[in-house]
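Below: one structure, written as structure tokens.
Source: prediction; values computed, not measured. Whatever order the structure lists ligands and atoms in, that order sets their numbers, starting from 1.
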Amino acid sequence: MASLWTGLLLRIAKHWIAGETCDDAYARVQQSNTHKVRGILNLLGEDTTSRKDTIAATAKYLEILDTLKSRQIEGCISVKPTQLGLMIDPSLFTDNLNKIQSKAKALGTFVWVDMEGSPFTTHIVDAYIELRKRHDNIGVAIQAYLKRSEDDVNRILDVGGAIRLCKGAYNESPQIVYKRKDQINKNFSKLMRLMFERGRGFAIATHDEKMIEEAVRLSSVHHADFEFEMLMGIRDKKKLELVARGYRVSEYIPFGKSWWAYSKRRIREHKSNIFLLARSLISG
Ligand SMILES: Cc1cc2nc3c(=O)[nH]c(=O)nc-3n(C[C@H](O)[C@H](O)[C@H](O)COP(=O)(O)OP(=O)(O)OC[C@H]3O[C@@H](n4cnc5c(N)ncnc54)[C@H](O)[C@@H]3O)c2cc1C
């Protein structure tokens, strides 16, 4: 019974994830590349409490970077700090991240650092800023729902860092985050303006029509070096439309066996995804 249920959930999760193996992920990025959309590969996994698992995840990322290069795939990677050891020991996280960043640098590619729940924000921003002072092939996600983010954006822009601006996907307390969509969008607009005014390479990571078109308007005034980023399986037509309009677009492509936590966030932020579950049950 459990495996039947897992199989059904995986079928739904495949709407947002490439599959469970690296080959599934490469095939999906290659498919995106044929539409001139770049891929951002993410090996699913978070909240890791085993040192051995963090080392295995790091090794997997090194292998992925080699394969992207050898197969001439247009893409980069995005890593989760708690998968690299942030919950165990901050220095384990920075050691693992350093290894990945150095390899990416040697291969001429880029590493994004995902932003996780608020207990980790300070560590992630501080570690990012230290690394960015020495290396330019690394960027970090910032969440517009966090009230602190304007300070973080300014600190990161001060060191010339690359920000991926997203709304934020975790269930946080109203004391530290904006909860209403209009408040989150207002902060997103404010941070986006700061990035267009002061940023060099950055990413606008949203599927929200209003925010995307606002970025388009800002880009006509500021001529900044930026790209749109969206998640696999969400607003695929919009990705192609933006490419046709001349914008750079990347698609975040998660893969791996630990797909449940990620899938839960996608369902929570868009309740109609529950219908995917129903449809999948009916179609057998
Ligand atoms: C490239 C990328 C990287 C990200 N990295 C991080 C990160 O590091 N940390 C983090 O906390 N969050 C991250 N996120 C997730 C982000 O914070 C939001 O939770 C998510 O993108 C939904 O917000 P939205 O901007 O699309 O706006 P929303 O207001 O949530 O949605 C706007 C519209 O987009 C569509 N849409 C949005 N979500 C879905 C969905 N799940 N299914 C179907 N349609 C949908 C709908 O049409 C909706 O009306 C990332 C998002 C992207 C695109």
Give me each pair satisfying salt bridge (Lys or Arg N to Asp or Glu O under 4.0 Å) with a member in residues 86-102, each pair once, sequence neighbours excluded.
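Pairs touching residues 86-102 that pass the test: Arg51-Asp89.
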Shortest non-hydrogen contact from Leu146 toward Asn187: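 The answer is O-ND2, 3.7 Å.
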**Prompt:** Which is closest to atom 15 (C) of ligand 1 in terms of heavy atoms, Arg266, Met230, Lys167?
**Reply:**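 Minimum heavy-atom distance to atom 15 (C) of ligand 1 goes to Arg266.
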Next on the checklist: Taking 4.0 Å as the limit for heavy-atom contacts, which would you say applies to Gln143 with ligand 1: side chain only, backbone only, both, or neither?
Outcome noted: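 Contact part for Gln143 vs ligand 1: side chain (C-beta onward).
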Just jot down the salt bridge (Lys or Arg N to Asp or Glu O under 4.0 Å) partners of Asp151, sequence neighbours excluded, or say none.
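Expected list: none.
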Please identify which atoms of ligand 1 are closer than 4.0 Å to at least one heavy atom of Met115.
->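 Listed by number with element, the hits are 7 (C), 8 (O), 9 (N), 10 (C), 11 (O).
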- Query: Rounded to the nearest 0.5 Å, how far does CD of Glu229 lie from CG of Leu165?
  - Reply: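 Between atom CG of Leu165 and atom CD of Glu229 there are 10.5 Å.
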Below 3.5 Å, N or O to N or O, backbone or side chain included: is there any such pair between [X] and ligand 1?
X      : value
Tyr170 : no
Ile234 : no
Ala205 : no
Ala141 : no

> Is the closest heavy-atom distance from Arg164 to ligand 1 below 4.0 Å?
Replying inline: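 Checking ligand 1 against Arg164, which is what was asked, there is a heavy-atom contact under 4.0 Å.
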